[in-house]
Trainee: 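Before I ask anything, let me first share the structure, which is written out below as structure tokens.
For the single chain, residues carry numbers from 1 onward in sequence order.
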Amino acid sequence: MLAAFALGSVPAMAEEGLEAPVPVRMVPPKFPPEMRREGTGGVVTVKCTIDEKGNVTDPTVEKASNDAFVAPALEALRKWKFKPAKKAGTPVALKVSIPIQFSISDD
């Protein structure tokens, strides 16, 4: 049910000497019962900031295949924890996009 973690512009980060944030706790989203009954999966892409402490802040939906997946995706992502991004060895906040995948076959 859970997801690929993707950062926008990883090559640019390498050039700037940035280390990408790394997920250390990923909480799976709750699959909406109505979507399960229909046998429908989907994806929600969330833009957020991973702060200097590795917390997810300011999550906003960039796109969603179905609105029924939005609330569970946001709720789960708020519980994720990351090893924060680093620049020159110092933790920094970084904006990322994270796709949260909902798939019936993953149950």
Trainee: Under 3.5 Å, sequence neighbours excluded: what are the donor-acceptor pairs made by side chains of residues 39-53?
Mentor:
| residue | atom | partner | partner atom | Å |
| --- | --- | --- | --- | --- |
| Asp51 | OD1 | Lys53 | N | 2.9 |
| Asp51 | OD1 | Gly54 | N | 3.0 |
| Asp51 | OD1 | Asn55 | N | 2.8 |

Trainee: Can you see which heavy atom on Ile104 is nearest to which on Arg36, and at what distance?
Mentor: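 Looks like CD1-CA, 3.8 Å.
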
Trainee: Under the side-chain contact (heavy atoms from CB on, under 4.5 Å) rule, collect the residues that match up with Pro72, sequence neighbours excluded.
Mentor: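 Partners of Pro72 under the side-chain contact (heavy atoms from CB on, under 4.5 Å) test: Pro29, Pro32, Phe102.
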
Trainee: Please list all pairs passing the ring-ring contact (aromatic ring centres under 6.0 Å, His included) test where one or both residues lie in residues 33-56, with sequence neighbours left out.
Mentor: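 Those involving residues 33-56 do not exist here.
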
Trainee: CZ/Phe82 to CG/Leu94 distance, rounded to the nearest 0.5 angstrom?
Mentor: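 The CZ atom of Phe82 sits 10.5 Å away from the CG atom of Leu94.
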
Trainee: Tell me every residue that passes side-chain hydrogen bond (donor to acceptor under 3.5 Å, both in side chains) with Glu38, counting only those two or more places apart in sequence or in another chain.
Mentor: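 side-chain hydrogen bond (donor to acceptor under 3.5 Å, both in side chains) check on Glu38 returns nothing, list empty.
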
Trainee: Identify the two heavy atoms, one from Pro21 and one from Val96, that lie closest to each other, and give their separation to 0.1 Å.
Mentor: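 Taking every non-hydrogen atom into account, CG-CG1, 4.2 Å.
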
Trainee: List the atom of Val27, the atom of Trp80, and the distance in Å for their closest heavy-atom pair.
Mentor: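 For Val27 versus Trp80, the nearest heavy atoms are O-NE1, 2.9 Å.
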
Trainee: Looking at residues at least two apart in the chain, or sitting in another chain, which of them share a salt bridge (charged side-chain N to carboxylate O under 4.0 Å, His left out) with Lys79?
Mentor: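 With sequence neighbours excluded, Lys79 shows a salt bridge (charged side-chain N to carboxylate O under 4.0 Å, His left out) to Glu75, given in chain and number order.
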
Trainee: Per the ring-ring contact (aromatic ring centres under 6.0 Å, His included) rule, what does the pair list look like for residues 38-61, sequence neighbours excluded?
Mentor: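 Every candidate ring-ring contact (aromatic ring centres under 6.0 Å, His included) pair involving residues 38-61 fails, so no pair, neighbours aside, qualifies.
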
